Structures are given as C-alpha cells and as structure tokens.
2 protein chains.
Amino acid sequence: MVQLPEQPVTSSPAPSAVPTSADVARLAGVSRATVSYVLNNARAVRISEPTRRRVHEAAEELGYVPHAAARSLRAGHSRMVLMPSPNVPVGPLYSRFINELQWALGRLDYTVVQYAGMGLHGDAAARAWAELRPAAVIVPGAGLGPRGVQILKRSGARAVVILGPERVEGAHTLLLDHYGVGHSAGVHLLARGRRRIGVVIPQEPGLEYFSKPRLEGVRCALEDTGAAVTELPLAYEEEAAARIAARWRSLGLDAVFAYNDEYAMLLMRALQDDGVGIPEETAVVGADDLMLGRLLRPRLSTVHIELPSGHGLAELVDHVVRDPGSVPEAHKVLGTRIVHRESS
Amino acid sequence: MVQLPEQPVTSSPAPSAVPTSADVARLAGVSRATVSYVLNNARAVRISEPTRRRVHEAAEELGYVPHAAARSLRAGHSRMVLMPSPNVPVGPLYSRFINELQWALGRLDYTVVQYAGMGLHGDAAARAWAELRPAAVIVPGAGLGPRGVQILKRSGARAVVILGPERVEGAHTLLLDHYGVGHSAGVHLLARGRRRIGVVIPQEPGLEYFSKPRLEGVRCALEDTGAAVTELPLAYEEEAAARIAARWRSLGLDAVFAYNDEYAMLLMRALQDDGVGIPEETAVVGADDLMLGRLLRPRLSTVHIELPSGHGLAELVDHVVRDPGSVPEAHKVLGTRIVHRESS
DNA sequence: TTGAAAGCGGTACCAG
DNA sequence: CTGGTACCGCTTTCAA
C-alpha cells in the first residue's frame with residue numbers, strides 16, 4: 001500500500017478547510033466509526049481509554065465541530081423547533097412569552113430557531129419552513145391555513161402549534177382571544193355607565209390581525225344596549241393623537257378603548273394636554289397590563305391578558321412530538337380579565 | 001422488465017412517509033437527476049416541456065418539498081445567517097433594528113435564523129452555532145471572544161460580525177458605544193449646572209453589559225470637574241422606585257441619569273409622587289429616545305442612539321461573505337447625541 | 001475493541 | 001435531452 005502524499009507530514013493542517021470527522025480519524029489514527037462512537041459517548045460500545053483520549057485530542061487540535069445537517073440527514077429527524085418570527089413589532093408582553101418558551105424548550109433539549117420569513121405568505125411560507133424539516137413548528141398569528149399545516153406535516157413535522165385567532169384543521173391551536181380582549185373592555189365600560197365608546201384602530205401595518213377582533217369584541221359587548229362604537233384610526237405619533245384630541249369634544253365620546261396600553265398612553269396624553277378630564281369626561285381603557293399603565297396619572301385601567309406559560313406550551317409541544325394524537329387538537333382559550341384602576 | 005407492485009396502483013400515496021426527489025422521479029417516470037434539473041430551473045440543461053410538466057405535477061401531487069440539509073450538505077455551503085437571540089429583554093429600539101436587518105438580509109437572499117442558545121456561554125455557544133454551518137453569524141452583545149470567533153471561522157463561517165462593546169480579534173465589530181451614552185448624559189448634565197449626579201443601575205440580570213459602560217461614561221465625563229456620581233441600584237418595579245424616592249432628599253442629588261427612558265419614567269413618576277420638582281430640584285435624563293419620553297410631563301431629555309441601519313449592516317455582511325478580507329475588520333463607532341427637552 | 005461499508009436526500013458531472 | 005452515478009459528512013449495523 002503506497003502512502004499518497006496528500007499533505008506534507010508537517011503538523012500544519014489543511015488551511016481554510018473545514019475539518020470533518022474523517023480528518024479527526026486520520027489524525028488520531030482510527031476509523032471514522034470510532035470517532036463517532038467516542039464523540040457521542042456511545043454506550044452500546046466500549047472504546048479503550050487511550051483511544052478515547054487520542055480522539056478527543058485530535059478533535060480539539062483540529063477544532064472539529066460536527067455538521068448538524070449531515071447528522072440529522074442520517075438520523076432522519078431533528079430536534080429543531082421552528083418559530084417564524086412575526087414581522088410586526090411585538091410588544092414586551094409577547095417577547096417575554098417567547099423568551100420563556102425558548103428557554104423551556106431548550107431545557108427539553110430542543111433547538112429553537114426563529115425564522116425570518118420576510119414577506120412569504122401562506123403556503124409559500126409553509127414550504128420554506130418545511131425545507132428545514134423541523135420536528136415542530138410554532139406559528140404565531142394568522143396566515144397559516146389547513147393547506148400549510150398539511151405541507152408541514154407531510155414533510156415530517158410532528159407537531160404544528162398555532163397561536164392565533166382561529167382554529168386550523170390539523171394543527172393544535174391555542175386561541176389568542178383578541179375578541180375577548182375587546183369584549184372585556186366593552187363590558188367594563190358599559191358597567192361604568194359609558195355609552196358612546198371610541199375604539200382606537202392602530203394604523204401601523206400588520207396590527208389589523210389583532211385590532212380587528214378587538215374591535216369586534218367591543219361591538220359585540222355593546223349589542224342591544226343602546227351604546228355605540230366609533231372607530232378611531234390612529235398612527236403611533238404625537239401629531240396624529242393631537243389631531244384626534246383637537247376634535248375630541250365634537251366626537252361626543254364618553255369613553256375610549258385604546259387597543260393597548262401604549263396607544264392608550266399616547267391618546268391620554270393628547271387628551272390631557274387639551275384639557276379633557278380623565279376619567280370624568282372620558283374614560284380610557286388600554287390592554288396588555290404593562291408597567292407603564294401603572295405609572296400614568298390617572299393610573300390606566302387595562303385588560304390583562306393571560307398568555308399561556310412558556311413552560312406549559314413547551315410541554316405541549318414535547319408531548320405532541322413524542323406521540324402525535326395523544327393530545328387531541330387541544331385548542332385552549334386564553335383568559336382575559338379587566339384590571340380596573342383610575343382611568344375609567 | 002417486470003413492474004414490481006411496490007404500491008397498489010390506487011392513488012393513495014405511501015402514508016406518513018416524507019416524499020423525496022426519488023419518489024417524484026418514480027411517479028413522473030424520470031430519473032432523480034431530471035427532477036433536480038426541473039425543480040431548480042437548471043439553465044445549463046434543456047428539458048423538454050412535457051417532461052417538465054410531468055415532474056411538476058408529480059411534485060405537486062406528492063407535496064414534495066426539498067430537504068435543505070441534504071442540499072447544503074451537497075453544496076458545501078449555505079446562505080444562512082445565524083443570529084443568536086439575546087436572552088435579555090430587548091427594547092423596542094433594538095427589535096426594530098433586528099427586524100430591519102432581517103428584512104434587508106432576506107432581500108439579499110439570505111435565510112436569517114435567530115438561534116435561542118439558552119444559557120450556553122462563550123466557546124460552547126460558538127460550537128453550538130458552528131454546528132449549523134452558517135455562512136455568517138451576527139452576534140449581539142458581549143460574550144464571544146477571539147476563541148469563539150475562530151471556532152466559527154474554522155467551521156466555515158465567512159463572516160462574523162459582532163455588535164458589542166469592544167473589538168474582538170478576527171471578527172468585524174460594530175462598536176455599540178454604551179460608554180458614549182453615559183458620557184453624553186454626563187456632559188449635558190454638567191453643562192446644565194448639575195454637580196451631584198445619580199446613575200440608575202438596573203437590577204435585572206443581563207443588563208450589566210450595558211449599564212456598566214454607561215455608568216463608566218458618566219464617571220469619565222465628570223472627572224476633574226468637582227462633580228460626583230452616586231450609583232442607584234433599581235429594580236423595574238414601582239415599590240423599588242418608591243423606596244428610592246422616599247430617601248431622595250437625603251441623597252442630596254440634583255440630577256439623575258436613569259439608564260434608559262423606561263427606567264427614567266419609573267423613577268420620575270416616583271419622584272413626582274413624592275413632590276420632588278423636575279427639573280428644578282432634580283434633572284432627569286433617559287436614553288434610547290423612545291416615544292414615551294415625549295409623552296411624559298415634563299418631556300424627558302434623553303440620549304438618542306444612532307444604530308446602524310439594518311440595510312447597511314446587511315450589505316456589510318454580504319460584502320464580507322462574498323470576499324472576506326475586502327472589508328478591513330471595519331469597526332465603526334455608533335453615534336450618540338443628547339436630545340434636550342424639559343426634564344433637565 | 002475496532003474497521004469496512006451502506007446509506008440519509010440532493011446535485012452535478014459525464015455518457016449515451 | 002435524459003439517465004447513471006459519485007459524492008457531501010455522519011451514524012450504525014455487521015464482521016473481523
């Protein structure tokens with residue numbers, strides 16, 4: 001057997017070439033199989049201590065890092081949980097939830113990956129996600145239909161969990177009850193004796209998925225009560241708020257549901273600057289129960305939203321991955337409750 | 001040639017098995033090579049129109065989605081940009097920047113992936129990222145040293161860009177000048193005639209990477225001026241702020257730099273509730289130039305931070321990926337400037 | 001205890 | 001114009 005001089009025997013490794021397990025094997029003087037056994041602590045097979053050491057040293061010296069794609073290709077499955085990142089600005093409430101979820105999934109040994117889809121919609125997006133062959137997909141918001149779910153399932157996703165406004169065939173849905181948010185606010189304002197209620201509609205694109213059901217919830221709460229709803233389009237800018245405030249008295253409203261606490265702060269400030277008394281003249285209710293609501297004067301009444309715990313969702317995902325069908329398309333509804341402070 | 005009855009000829013496809021390009025080929029009655037050519041619009045090869053149609057139909061019928069791992073394994077490289085997601089709560093400023101960056105990279109045909117590392121630190125984290133063989137890595141914050149950079153580079157990353165407080169050997173660094181944020185605030189308060197300056201230190205874990213350099217910046221600005229700094233540890237809770245406010249006059253401070261606008265709002269509210277005059281008795285300066293600062297009364301002075309445009313950073317990444325070395329370890333410093341309003 | 005070899009799913013070269 | 005085939009890097013039987 002002739003030794004081909006692929007590389008000079010000097011210790012300088014091939015420059016700018018990514019080391020593979022074969023390189024490690026060569027350097028350690030063993031086979032690739034042995035390298036795999038050692039680095040994965042294979043329990044089914046016993047490798048002598050000197051060999052283990054040589055392999056580890058070789059791996060260390062070369063700076064070897066296994067290739068995840070090759071591994072999961074061979075394994076036929078991965079432990080990746082894919083979460084398309086919403087391309088709308090998300091609030092602090094939601095990002096805390098995401099953080100918690102990621103942490104909990106990490107503890108269950110999943111690799112959580114947020115995927116920036118940029119503008120892909122519906123089935124095209126689903127196809128792009130499916131290319132990564134994730135074990136599970138967690139989709140926030142609307143935009144994924146039954147077809148998309150099927151694409152994901154057919155390409156190996158064991159769990160598809162949707163955090164959205166409505167049930168989707170084939171997926172486990174956690175209903176985010178934005179309708180209920182508006183409903184709570186409406187009921188509350190009604191109980192406080194208000195009858196002409198404004199509802200802020202954010203003009204920022206991407207928020208309509210949330211704002212429309214919230215509006216609908218208010219509408220529904222007021223049905224057959226003699227109270228009326230007025231839509232108030234509002235961009236998140238001081239000037240826009242000032243314009244609304246300037247014509248406030250002509251609107252003749254005695255209450256406003258401001259979509260969330262941040263828009264509530266924006267509008268409340270503009271109203272106060274124009275001398276509108278809160279809550280005497282106009283009651284204000286926000287949503288999300290952020291810290292800033294407690295810091296306003298008067299303190300802001302708000303709709304507290306009970307997101308599922310990231311921990312709980314992580315366990316749901318894990319259950320479904322391990323045994324799809326064991327959890328029966330559980331679509332839970334999430335709680336909302338009014339927090340009455342001083343602004344209403 | 002005998003036709004083996006692998007499947008009954010009924011249209012029901014193999015259940016619960018992920019279709020591969022081989023399945024598509026079989027169904028279309030062509031070879032895998034042809035399938036690949038058709039689905040990738042290979043320009044070097046001309047495939048007859050009828051064949052193309054058959055392949056597309058077969059792919060459609062099976063719900064075929066290519067396997068990204070297999071593809072990039074074969075190709076030897078990917079167009080993935082990996083961005084470890086910071087496990088500290090990020091503000092709206094930063095998340096807007098991230099969004100913009102993801103969008104811009106998407107336009108350049110990169111697949112942006114945010115990776116939740118959960119608790120992995122330094123080299124271990126770098127190794128976990130390297131397993132995915134990304135074309136580029138964008139690391140926010142500190143925590144990645146030269147060794148980690150080398151691990152990434154050795155495993156094929158063409159670009160490593162760090163958004164952090166200090167230069168790291170081997171990586172392209174964009175210095176986020178938190179030191180400068182504090183410095184701007186200090187200089188401003190000094191110019192307004194303040195001499196005894198408090199600096200809020202958030203107690204939330206993970207924020208020390210930002211708060212320490214900001215504090216240092218204030219310290220440095222006051223050096224040899226006879227002015228003095230007092231550290232004010234503060235958790236993001238009303239009670240904590242109230243406790244500080246209660247002993248405020250005993251602290252004898254005439255100004256405070258509140259880390260950012262949110263902490264500024266928290267503290268300012270507590271001070272006002274205790275009757276401390278702002279800015280007469282105590283000047284308050286925040287940072288980040290958030291909308292909420294403009295909504296406070298008095299309006300909040302703040303340090304505006306000039307983040308790089310996501311677009312610009314995306315182009316930097318792209319340049320480095322296409323020709324590493326063409327961009328000389330560019331470490332740019334980001335601008336800060338004071339926005340003087342009413343609270344100081 | 002270790003090594004040889006067969007694939008996982010795609011791509012791209014080379015023949016036909 | 002299309003089919004055969006050799007890889008990419010890794011795991012995992014099966015033999016030695």
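Throughout, protein chains are lettered first and strands after them, A, B, ... in sequence-line order, and every chain is numbered starting at 1. These numbers come from a predicted model, not from an experiment.
Each of B/E49 and A/P19 was assigned the nucleotide of DNA chain D with the nearest heavy atom; the assignment lying further toward the 5' end belongs to B/E49.
No N or O donor and acceptor, one from the side chain of B/R46 and one from the base of D/dC1, sit under 3.5 Å apart.
One finds no side-chain N or O of A/S48 lying less than 4.0 angstrom from the OP1 or OP2 phosphate oxygen of C/dT1. B/T20 has no side-chain polar atom (N or O) that falls below the 4.0 Å cut-off from OP1 or OP2 of C/dC8.
Counting only heavy atoms from C-beta outward, the side chains of A/H67 and B/R133 approach each other to under 4.5 Å. Between A/P134 and A/W129 the shortest side-chain heavy-atom distance does not fall below 4.5 Å.
Distance CZ (B/R74) to P (D/dT5): 16 Å, rounded to an integer number of Å. In this structure, NE2 of B/H67 is placed 17 Å from P of D/dG9, rounded to the nearest angstrom. Rounded to a whole Å, the CZ atom of A/R53 is 18 Å from the C1' atom of C/dT2. As rounded to whole Å, 11 Å separates atom P of C/dC8 from atom CG of B/D23. Atom pair A/R26:CZ and D/dG9:P shows a separation of 11 Å (rounding to whole Å applied). Atom CG in A/L73 sits roughly 4 Å away from atom C1' in C/dC8 (whole-Å rounding). A straight line from OH of A/Y64 to C1' of D/dT11 spans 10 Å, rounded to a whole angstrom.
Considering only the side chain of A/I47, C/dT2 comes nearest among C/dG9, C/dT11, C/dT2.
At a threshold of 4.0 angstrom between heavy atoms, the contacts of A/V55 with the nucleic acid are absent. Residue contacts for A/S72: at a heavy-atom cut-off of 4.0 Å it reaches no nucleic acid atom on any strand shown.
Taking every heavy atom of residues 29-41 of chain B and every atom of DNA chain D, pairs under 4.0 Å involve B/G29, B/V30, B/S31, B/R32, B/A33, B/T34, B/Y37, by number.
One finds no salt bridge joining A/R127 and A/D123 here, because no Lys/Arg side-chain nitrogen approaches an Asp/Glu carboxylate oxygen to under 4.0 Å. Taking a cutoff of 4.0 Å between a charged side-chain nitrogen and a carboxylate oxygen, A/R53 and A/E57 qualify as a salt bridge.
Residue B/R147 places its CZ atom among 12 or fewer non-hydrogen atoms of other residues, nucleotides or ligands, all under 6.0 Å distant.
Not a single donor-acceptor pair under 3.5 Å links the side chain of B/R158 to the backbone N or O of B/V320.
For the residue pair B/Q102 and B/Q114, a side-chain donor N or O sits within less than 3.5 Å of a side-chain acceptor on the partner.
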